[in-house]
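Remarks on the structure that follows.
Throughout, protein chains are lettered first and strands after them, A, B, ... in sequence-line order, and every chain is numbered starting at 1.
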There are 2 protein chains.
Amino acid sequence: MADPLDPDMFTGCPPHLAPIRVGDKWTAKIIRCLEPGPRRFTELQAPLRGITPKVLTESLRAMERDGLLTRTAYQEIPPRVEYELTDLGRSLIEPMNAGCEWSRKHLAELLQARETWYATTP
Amino acid sequence: MADPLDPDMFTGCPPHLAPIRVGDKWTAKIIRCLEPGPRRFTELQAPLRGITPKVLTESLRAMERDGLLTRTAYQEIPPRVEYELTDLGRSLIEPMNAGCEWSRKHLAELLQARETWYATTP
DNA sequence: CGGAATCCGATAAGATACTG
DNA sequence: CAGTATCTTATCGGATTCCG
């Protein structure tokens with residue numbers, strides 16, 4: 001299997017300041033986590049700092065419903081479930097990269113404008 | 001000035017089924033409306049079917065705060081206010097187009113998966 | 001014309017506790 | 001391990017009314 005996911009892979013990506021969003025709050029990050037290969041539920045929880053099992057389940061179910069990933073449950077003890085991107089899910093990486101590139105180029109400018117606004121607007 | 005905006009320019013773009021979003025619910029559409037040139041408050045209301053003045057104001061203020069557009073009020077009677085994209089706002093068109101292209105290519109597949117899910121999941 | 005003020009409902013997201 | 005169940009809170013978007 002692949003190496004464990006870096007628990008800090010999303011520090012520096014606070015969702016509230018990104019103007020471009022894919023799916024719900026967690027969708028894009030889940031896609032990034034699954035990009036190298038299939039992962040288990042618990043593996044996903046680590047980098048998605050503070051996500052509760054309820055919310056992670058909701059996001060994964062919605063993505064499964066939309067054909068972005070597959071869920072495979074192995075009948076073992078202890079149970080094992082793996083989530084894997086479909087081709088459709090993988091196709092979202094391209095527009096996601098466009099959004100990331102925009103952020104690298106322009107996010108600082110947006111934040112600067114916001115700073116100035118709050119400093120000068122009563 | 002430019003031609004009036006087509007009131008139907010966004011029919012066929014229901015926001016709930018698009019997995020890619022820029023800003024809030026209306027941001028991307030406002031950018032499209034301003035792409036050809038500056039527009040007045042009332043001009044924007046027509047294609048943004050059913051948007052209330054409160055919500056349109058909120059979106060425009062947030063975009064102004066983030067440096068995506070400028071607001072210019074002319075001291076005339078009756079009053080006239082024009083909104084115009086900044087270079088920063090215009091820079092979002094590129095990732096927006098990436099999202100639109102994804103939709104053209106893959107949205108039908110997503111909707112098909114969703115259909116199947118609701119047809120087969122109890 | 002271009003908003004502001006107020007109120008309201010729906011939904012998203014999280015906290016907490018429990019289970020096959 | 002991989003969730004489910006229940007509850008609560010926060011935010012968003014909308015309806016309505018009024019104003020300079």
Inset, instruction - Say whether, by atom type as modelled, one donor and one acceptor occur between the side chain of B/R114 and the main chain of A/R65 under 3.5 angstrom. - result: no
Legend entry - Whole-Å gap separating C1' (D/dC1) and CD1 (A/I77): 11 Å
Legend entry - Separation of C/dG2 C1' from B/R39 CZ (nearest whole Å): 17 Å
Inset, instruction - Provide, to the nearest angstrom, the distance between the CG atom belonging to A/L44 and the C1' atom belonging to D/dC1. - result: 13 Å
Legend entry - Atom CD of A/E76 with >12 non-hydrogen neighbours under 6.0 angstrom: yes
Inset, instruction - Mind listing the residues from residues 47-73 of chain A sitting with a heavy atom below 4.0 Å of DNA chain C? Number order is fine. - result: A/T52, A/K54, A/V55
Legend entry - Whole-Å gap separating P (D/dC1) and CD (A/E82): 14 Å
Legend entry - Within-4.5 Å side-chain heavy-atom neighbours: B/P19 and A/T27: no
Legend entry - Distance test, side-chain N/O of A/R40 to OP1/OP2 of D/dA2, below 4.0 Å: yes
Legend entry - Residues B/E58, B/R61; criterion salt bridge (Lys or Arg N to Asp or Glu O under 4.0 Å); working and verdict: CA-CA 5 Å; B/E58 284 172 354; B/R61 287 284 194 281; over 6 Å; no
Legend entry - Euclidean distance, atom NZ of residue A/K25 to atom P of D/dT11 [Å, nearest integer]: 11 Å
Inset, instruction - Output yes when a side-chain donor or acceptor of B/E43 lies under 3.5 Å from a complementary backbone atom of B/R40, and no otherwise. - result: yes
Inset, instruction - Just compare D/dG14, D/dC1, D/dG3 and give me whichever is closest to any side-chain atom of A/V81. - result: D/dG3
Inset, instruction - Mind calculating the distance between CZ (B/F41) and C1' (C/dG3) to the nearest angstrom? - result: 6 Å
Inset, instruction - Determine yes or no for a side-chain-to-main-chain donor-acceptor pair under 3.5 angstrom, with B/K29 supplying the side chain and B/C13 the backbone. - result: yes
Inset, instruction - Indicate yes or no for a side-chain donor-acceptor contact from B/R21 to the backbone of A/D24 under 3.5 Å, with no hydrogens or angles considered. - result: no
Legend entry - Nucleotide C/dA12, atom P - distance to CG of A/D24 in whole Å: 9 Å
Legend entry - Upstream residue (5' side of DNA chain D) when A/Y83 and B/P79 are each assigned their closest nucleotide: A/Y83
Legend entry - OP1 or OP2 of C/dC1 under 4.0 Å from side-chain N/O of B/T42: no
Legend entry - Spacing between A/Q45 atom CD and C/dA13 atom P, to the nearest angstrom: 17 Å
